[in-house]
Structure formats: C-alpha cells, structure tokens
Amino acid sequence: QVTLKESGPGMLQPSKTLSLTCSFSGFSLSTSGMVVSWIRQPSGKSLEWLAAIDWDGDKYYNPSLKSRLTVSKDTSNTQVFLKITSVDIADTATYYCARNWFDYWGQGVMVTVSS
Amino acid sequence: DIQMTQSPSFLSASVGDRVTINCKASQNINKYLNWYQQKLGEAPKRLIYNTNNLQTGIPSRFSGSGSGTDYTLTISSLQPEDFATYFCLQHNSLYTFGAGTKLELK
C-alpha cells in the first residue's frame, strides 16, 4: 500500500526558511523510474508544482521559484525534503508531496507565514 | 514554460447531466495530460492519466480525450459525489496544473 505523509512547522515568520519532509512507504525511491514531487495550494486556489527528485537523484524545479527551492532525499530512500528560503505571506499554503505522475498524494500539511 | 488554460472556471449542473471540462495547452503536450478531482479538505485524486486512461477504481462515467493542445474530461451522467473541483495537469515538460473547474449542483 502506497502512502505519503507531509510534515512541517505549521507556522513560521517571514524571511525564514521553510523545511518540509515527505515520508512515504509502499515504494522505494531507489527503484528505477520513481519520482517524488512537491506541490502547493493556497487556500481556495489552484495547484502549483514546486520541485521533484527522481530515483537517480536528479532534481527538477519550477523555474519561477528555482532560486528559493532545494529538494533532497535521504539515503534510505524513504523520505524527501524541501526547503524554501526567504518565505513571505504568499508562501502560505497547503503543501503536498506526490509520487511519480501524481498517482498517489499525501494528505497535505498547512503552512502559514505570519509575523 | 507550458501554460494550461482550463475552462470553464465554474459549472452548474444537475444529477444525471453530461458535462465536459476543457484544458488547452500553450504547446503540444503529446497526450501527457492527467485529470484530478479534489473535494474540500482533501488531496487531489487522479481520475485519468495520459489523456484517456482510467485510474483503477474510478467509475467508467469519467472519460478523457484529446490530442495536441486540446483535452477534455467528460462525466457522462453526474452523480451526487461528483460535485467537486477538477484540475488538469500536463507532464510533457515539467508539470503545470490548470486553474481548476468548480462543479456545483444547480
């Protein structure tokens, strides 16, 4: 059974760095072809793809946010991380991780940026 | 970057209606187009992948079609549980979501 679950700080202040973790089971990111992506959704708005990392360690970023994003994975290939630097109010959203071509999604974690 | 234009933004319909939702890509996406349903407070759920492949467990009243830049999701006979928001996603070149279509009960 494939499951993914996001975790994060809940709330943080503007200008700080947001760190998110996606923990998953039911598949391994070391398997050829596997990809884990991060997506976010401000309340009441559409979805925005942020970043992805594949089984080979290759990383992909949304060009509009690339300078602020870093995606990585752990050596056991069961967790993927996302860091977003210099957050502001516009980064307030529910953040999701998803597998491959978005076939399985986590439940999402809400992040609020506020002073 | 590939842009996705989804229409309509809002759709009012009744149980039993046939509805269509459209997505237009800014360039050819080679049928790498998925459709998702999202209900309030839940993660999106994949309905259709690669234009016309029905996700396991999804009812056959959902179908997809299209090619090149133009794609369509059709729900043949709306059921009460289908009232939700629908998104398209292109995965031909990185990933881009459509803006969404909110399907409401008339």
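Chain letters run A, B, ... following the sequence lines, proteins first, then strands; residues in each count from 1.
More than 12 heavy atoms of other residues, nucleotides or ligands shown are found within 6.0 angstrom of NZ on B:K39.
With a 4.5 angstrom heavy-atom cutoff, B:L89 touches chain A only via side-chain atoms. B:Y32 does not touch chain A: none of its heavy atoms, backbone or side chain, sits under 4.5 Å away. Of the two parts of B:Y49, neither the backbone nor the side chain holds a non-hydrogen atom closer than 4.5 Å to a non-hydrogen atom of chain A. At a 4.5 Å heavy-atom cutoff, B:Q6 makes no contact with chain A through either its backbone or its side chain. With a 4.5 angstrom heavy-atom cutoff, A:Y61 touches chain B only via backbone atoms.
Nearest approach of B:G98 to A:S46, heavy atoms of both residues: O-OG, 2.7 Å. Here the closest heavy-atom approach between residue A:A52 and residue B:Y95 is recorded as CB-CE1, 4.4 Å. Heavy-atom minimum distance, B:F97 versus A:E48: CD1-N, 4.3 Å.
Residues of residues 22-34 of chain A having a heavy atom under 4.5 Å from any heavy atom of chain B: none. Contacts from residues 88-102 of chain A to chain B, taken as heavy-atom pairs separated by less than 4.5 Å, involve A:Y96, A:W101, A:F102 in sequence order.
Note that the CH2 atom of A:W49 and the CG atom of B:L94 stand 4.5 Å from one another [nearest 0.5 Å]. Separating the OH atom in A:Y104 from the CZ atom in B:R46 is a distance of 8.5 Å, to the nearest 0.5 Å.
Linking ILVMFWY side-chain heavy atoms closer than 4.5 Å, directly or via other members, places B:F62 and B:L11 in a single hydrophobic cluster. In the hydrophobic cluster analysis, where Ile, Leu, Val, Met, Phe, Trp and Tyr join through side-chain heavy atoms closer than 4.5 angstrom, A:V2 is grouped apart from B:I58. No path of Ile, Leu, Val, Met, Phe, Trp and Tyr side chains, each step under 4.5 Å between heavy atoms, connects A:V111 with A:F81, placing them in separate hydrophobic clusters. Transitive grouping of hydrophobic side chains (ILVMFWY, heavy atoms separated by less than 4.5 Å) keeps B:F83 and B:Y36 in distinct clusters. By the criterion of side-chain heavy atoms lying less than 4.5 angstrom apart, applied directly or through intervening Ile, Leu, Val, Met, Phe, Trp or Tyr residues, A:L18 is not grouped with A:I39; the two fall into different hydrophobic clusters.
Note: A:P63 leads A:G106, A:P63, A:G108 in heavy-atom pairs under 4.5 Å with chain B.
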